[in-house]
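One structure is given here, and the rest of the page talks about it.
Each chain gets a letter, A, B and so on, in the order the sequences are listed, and its residues count up from 1.
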Amino acid sequence: MTSTRRVFVERLLDWYHENGRHALPWREDSRTAFEILVAEVLLQRTTASAVEGAYVSFVARYPTPACLVAAPSDRLVDAIEPLGLTKRAGHLERCSAQLWERYAGRVPAERTALLSLHGVGEYTARSVLIHAFGEHTVAVDTNVRRLVSRFFGIDPHSDALGETADALAPEGRSGDFLHAMLDFAASVCRAREPRCDSCPLRTRCRRFESGRASRIERSQ
DNA sequence: AAGTCGGGGTG
DNA sequence: CACCCAGACTT
């Protein structure tokens, strides 16, 4: 682990301790694997603040795959409608049926088994492994992709990005680390107008340094 | 590999 | 008002 990588991880975890969105309902320790899986599906391309408004009542009403399969499809669509991408109602329905048929209603703890579920892709599978089963890995979403590509100066679409991100996860703290990257990228390393002036990583950030160089260039 | 889904928040 | 959001499925 290089010095820059160590600084990235440590400053990110420090920032997260002080500024993380620790109260998000799906981060509660008591959540079941199924409740975590439901959260990950609802969060696909959807802001955490939007999911906050629908999540608690949703998992209270459909706490298990059997409950969800038994629900009228219309009710599932109604619950997801304010989040957009309402096809996820059907995804959850099929996913729950598959959980019941193949895994006795339990969420499997293997990546390939998770990927076989409808509506579960690479990100969602890894996120469930991390948060429900404590696996030591990283899940790359739009936030992680943006943060890692900017800081390390890596092409966002290259294979190197995922490998770089995976090597960063601190042993035994994969969950906190992923949450730290998500929260940090959502509020500091934002897609539009990142807050570099107050960023604790800026002294080592490739994007900030290159931006500083070009600003000096213009001022002379 | 590209297209599509989507309501809601934000700069 | 254009852009973006804890992506995955279909074509």
Inset, instruction - Can you tell me, in whole Å, how much space there is between the P of C:dA6 and that of B:dA2? - result: 24 Å
Legend entry - Contacts of type side chain to side chain donor-acceptor pair (under 3.5 Å), residue A:Asp166, not counting sequence neighbours: A:Thr137
Legend entry - Partner residues of A:Arg45 under the side chain to side chain donor-acceptor pair (under 3.5 Å) criterion, sequence neighbours left out: none
Inset, instruction - Would you jot down, in residue-number order, the residues of residues 176-186 of chain A having a non-hydrogen atom under 4.0 Å from DNA chain B? - result: none
Legend entry - Which atom of A:Ala139 lies closest to which atom of A:Val144, heavy atoms considered: O-CG2, 3.6 Å
Inset, instruction - Using heavy atoms and a sub-4.0 Å distance, could you list which residues of residues 21-54 of chain A are near DNA chain B? By number, please. - result: A:Arg45, A:Thr46
Inset, instruction - Report yes or no: do A:Thr86 and A:Glu81 form a side-chain donor-acceptor pair below 3.5 Å? - result: no
Legend entry - Side-chain (A:Arg31) to main-chain (A:Pro25) donor-acceptor, under 3.5 angstrom: yes
Inset, instruction - Apply the test side-chain contact (heavy atoms from CB on, under 4.5 Å) to residues A:Leu76 and A:Leu92: give CA-CA distance (whole Å), side-chain angles for both, the deciding distance (0.1 Å), then the verdict. - result: CA-CA 9 Å; A:Leu76 296 176; A:Leu92 281 174; 5.9 Å; no
Inset, instruction - Give me the first and last nucleotide of DNA chain C, going 5' to 3', that has any atom under 4.0 Å from a heavy atom of chain A. - result: C:dA2 to C:dT10
Legend entry - Test item: A:Arg150 side-chain N/O and A:Arg207 main-chain N/O as donor-acceptor pair under 3.5 Å: no
Legend entry - Test side-chain contact (heavy atoms from CB on, under 4.5 Å) applied to A:Gln44 - qualifying residues, sequence neighbours left out: A:Val41, A:Arg88, A:Thr124
Legend entry - Positions of residues 74-89 of chain A (non-hydrogen atom under 4.0 Å from DNA chain B), listed by number: A:Glu81, A:Pro82, A:Leu83, A:Gly84, A:Leu85, A:Thr86, A:Lys87
Inset, instruction - Report yes or no: do A:Phe152 and A:Phe177 belong to one cluster of Ile/Leu/Val/Met/Phe/Trp/Tyr joined by side chain heavy-atom distances under 4.5 Å? - result: yes
Inset, instruction - Identify the residue among A:Phe151, A:Phe184, A:Trp15 that makes a ring-ring contact (aromatic ring centres under 6.0 Å, His included) with A:Phe8. - result: A:Phe151
Legend entry - Residues that A:Glu93 engages under side chain to side chain donor-acceptor pair (under 3.5 Å), provided they are two or more places apart: A:Ser73
Inset, instruction - Might you confirm whether atom CG of A:Asp159 has over 12 heavy atoms from other residues, nucleotides or ligands at distances under 6.0 Å? - result: no
Inset, instruction - Report yes if a donor N or O on one partner sits less than 3.5 Å from an acceptor N or O on the other, where the partners are the side chain of A:Arg192 and the base of B:dT10; otherwise report no. - result: yes
Inset, instruction - Applying salt bridge (charged side-chain N to carboxylate O under 4.0 Å, His left out), name anything that partners A:Arg126, two or more places apart in sequence or on another chain. - result: A:Glu122
Legend entry - Residues forming a side-chain contact (heavy atoms from CB on, under 4.5 Å) with A:Ala167, sequence neighbours excluded: A:Arg5
Legend entry - Stretch residues 126-150 of chain A: residues that reach within less than 4.0 Å of DNA chain B through a heavy atom: none
Legend entry - Partner set under side chain to side chain donor-acceptor pair (under 3.5 Å) for A:Ser174, not counting sequence neighbours: A:His136
Legend entry - Distance between P atoms of C:dA8 and B:dG8 (Å, rounded): 23 Å
